[in-house]
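Remember, predicted model here, so these are calculated numbers, not experimental data. Residue numbering restarts at 1 for every chain, and letters A, B, ... go by the order of the sequence lines.
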Amino acid sequence: MMQVYNSLSRSKEPFTPLTPDAVRLYTCGPTVYNFAHIGNFRAYTFEDLLRRALLFNGYRVMQVMNLTDVDDKTIRGARQAGVPLKTFTAPFIQAFFEDLATLNIQRAEVYPAATDHLPEMLELIGKLMERGLAYRSDDGSVYFSVSAWPAYGKLAHLDRSALRAGARVSHDEYEKESYGDFALWKGWDEQDGEVAWDSPWGRGRPGWHIECSAMAMRYLGETFDLHTGGIDNLFPHHENEIAQAEGATGKPFVACWMHCAHLRVNGEKMSKSLGNFFTLRDLLSRGWTGREIRYVLLNGHYRQPLNFTFEALDAARVSLARVDECVDALAAAAGGSAPSDALPDWAAAARTAFTEAVNDDLNLPEALAALFALVRESNTAMRDAALAPQSAAAVLSLFDRMDMVLGVIRFGRADRDGEMPPEVAERVRARAEARAARDWHAADRLRDELASLGWEVRDAKEGQKVKRNGAMTRSTAVTAS
RNA sequence: GGUGCGAUGGCCGAGUGGUUAGGCAGAGGUCUGCAAAACCUCGUACAGCGGUUCAAUUCCGCUUCGCACCUCCA
């Protein structure tokens, strides 16, 4: 049984799907006006983790992630580039999917774009108008009336006086009736240029929050299981989504809301507005891999702020090499045997610890501790030659089972079995002869030469083991770049 | 001002009213021709001050510091 933290109740709750067919999950997606930074990807990695944990528990999943392709920033970007909106957003959408693949983030079932769902939004706004929860202002905009919806604030736990009291100086560009009201529909403005649709309330474009409510209900129904996003979306975005959806349907919108904390750099939030962010592409160009970045993102609990450092990436690289060594050794020990039915006791214990950690509100640090317990025990058993091939195969399958959630064991490993170039093969052969002749000076010299060619050689009982010197070495890339 | 969250050993980062988190880095050791890998051992970690308790890093209060949200933000 999974337990997850519900932002609505502010407590951990047992997770039970509303319907047996599939867990319905809505995950707030990117605004496609730029390359996403790794702070953004912390959220998407968290959502991927949630998805994988659900699958790990045997649930089927119906996940929707929106693409916000119309808002102030996309419109501004398109204007500055002098191209139509879709032309501007298309490459960022493509880049987003490439980045997801780089991080081994599983694809959602549906990626609806806001601009493809105007009818759903207009219908939703219409219902809110009918119910007296929205009003049209003189400038052709439509606003949600917070004062007409008493439940407003139940997610953020804000009351209306708080809404007004502290707020920053408001930039009242629109004619709202009261301060907390938010736009469902924005009347056409000169800045919008060609970006406009017809509506019963005049030409304009959707407000900031309506797309998620409309598209979530379009694909997941009026009430569904899980809705996630970064903590900064909790208010106002998610609060407004609830108001829009529940205001229109009179039914509960989402059973459980989950939010992940921010990624920090030097103790501060990594964000576009602060300009202190790295895109995934920045890190790749510095020599890090998506696999290593994924590991770093997995190594903290999603509800805790995570301080991003290059040292953490360094540690990730070495830690993953440790896992790789173990998996390779297990594969060799298994020798293609069919896995035995029973796991060794220590592996069964690791499996239990791993499962309990994942199901305890996605406690990945604990889950990784279980992974490393499995690594250590596997290495010990192999050192003592106490692991039968069938047992090694069974343990190996446990690694794969864990990898359903982690997505970091098999994924993105450097190719270490590539063809050995002639100059490498020649030195390996020469070194074997030198060792046989106990000519250690020659053997050491050849090992150094191989290292400079990018190949690592290790002497084992069975003879020399040669591997390409890829991701397994300690990083020098950071300091060099 | 309002609302939350946090402060753990050199770094990252879990957790717990009394028993090893884990990874990385460091020290020592075993194995090895040497090295690597692997395994073993080690470091008097829980911001400060009070309180509750047989016992607190863990509960309560206060203080200090930090972060976030309060209509751009994952």
Checking all strands, does A:H209 fall into the base, sugar-phosphate, or nothing category for heavy-atom contacts under 4.0 angstrom?
nothing
Is A:K269 near enough to B:C69 that one of its side-chain N or O atoms lies under 4.0 angstrom from OP1 or OP2?
yes
For B:G33, is there a stacking contact with A:W440, counting only centres under 5.5 Å and planes under 30°?
yes
Take the protein atom CZ of A:R447 and the nucleotide atom C1' of B:U32, then report the distance between them rounded to whole Å.
10 Å
Using heavy atoms to find the nearest nucleotide of RNA chain B for A:V375 and A:P305 separately, return the residue whose nucleotide is more 5′.
A:P305
Would you please indicate if the ring centroids of A:H209 and A:H238 are separated by under 6.0 Å?
no
What nucleic acid atoms does A:N363 come within less than 4.0 Å of, heavy atoms only: base, sugar-phosphate, or nothing?
sugar-phosphate
So what does A:L306 touch, heavy atoms closer than 4.0 Å: a base, only the sugar-phosphate, or nothing?
sugar-phosphate
I'd like to check A:D189 versus A:D192 (side-chain heavy atoms, cut-off strictly below 4.5 Å). Are they in contact?
yes
Test: A:R303 cationic atom under 6.0 Å from A:Y5 six-membered ring centre, within 45° of axis:
yes
Measure up the A:Y152 and A:F235 rings against each other and bin them: parallel (under 30°), tilted (30 to 60°), perpendicular (over 60°).
perpendicular
Expressed in angstrom and rounded to an integer, what is the separation of A:E292 atom CD from B:C12 atom C1'?
15 Å
Under 4.0 Å between a side-chain N/O of A:R383 and OP1 or OP2 of B:A37, yes or no?
no
For a quick check of understanding: with a heavy-atom distance under 4.0 Å over all strands, which category does A:R303 fall into, base, sugar-phosphate or nothing?
nothing
Rounded to whole angstrom, note down the P distance from B:G6 over to B:G17.
16 Å
Under a 3.5 Å cut-off for both contacts, is B:G28 paired Watson-Crick or G-U wobble with anything, and if yes, with which nucleotide?
B:C40
Using atom P of each nucleotide, how far apart are B:A21 and B:U44 to the nearest Å?
14 Å
Separation of the P atoms in B:G22 and B:G29, to the nearest angstrom:
23 Å
Atom C1', compared across B:U16 and B:G4: separation rounded to whole Å:
24 Å
Rounded to whole angstroms, how far apart are CD on A:E366 and P on B:G23?
12 Å
Would you confirm whether the ring centroid of A:F253 sits within less than 6.0 angstrom of the ring centroid of A:F224?
yes
Are A:N379 and B:C39 close enough that a side-chain N or O sits under 4.0 Å from OP1 or OP2?
yes
Please report the distance, rounded to the nearest Å, between CG in A:L313 and C1' in B:C12.
11 Å
Could you pick out which residue, A:Y44 or A:A316, lies toward the 5' side of RNA chain B when each is mapped onto its nearest nucleotide?
A:A316
Output the rounded distance in Å from CZ (A:F235) to C1' (B:G2).
12 Å
Determine which nucleotide pairs with B:C46, using a 3.5 Å limit on both distances of a Watson-Crick or G-U wobble pair.
none
In Å and rounded to the nearest 0.5 Å, what is the CZ to CG distance from A:F277 to A:N40?
9.0 Å
Considering every strand shown, what is the Watson-Crick or G-U wobble mate of B:C11 when both distances are under 3.5 Å?
B:G23
Side-chain donor/acceptor of A:D459 to base of B:C34, under 3.5 Å:
yes
Regarding A:G300, tell me which of base, sugar-phosphate or nothing describes its non-hydrogen contacts under 4.0 Å with the strands shown.
sugar-phosphate
Report yes if a side-chain nitrogen or oxygen of A:R322 is closer than 4.0 Å to either non-bridging phosphate oxygen (OP1 or OP2) of B:C39; otherwise report no.
yes
How many whole angstroms separate atom CG of A:N240 from atom P of B:C70?
12 Å
Who pairs with B:C67 - Watson-Crick or G-U, where each distance is under 3.5 Å:
B:G4
With rounding to the closest Å, how many angstrom separate the C1' atoms on B:A7 and B:G13?
13 Å
Taken to the nearest whole Å, NE2/A:H237 to C1'/B:C72 is 12 Å
With both distances under 3.5 angstrom, what nucleotide forms a Watson-Crick or G-U wobble pair with B:C54?
B:G18
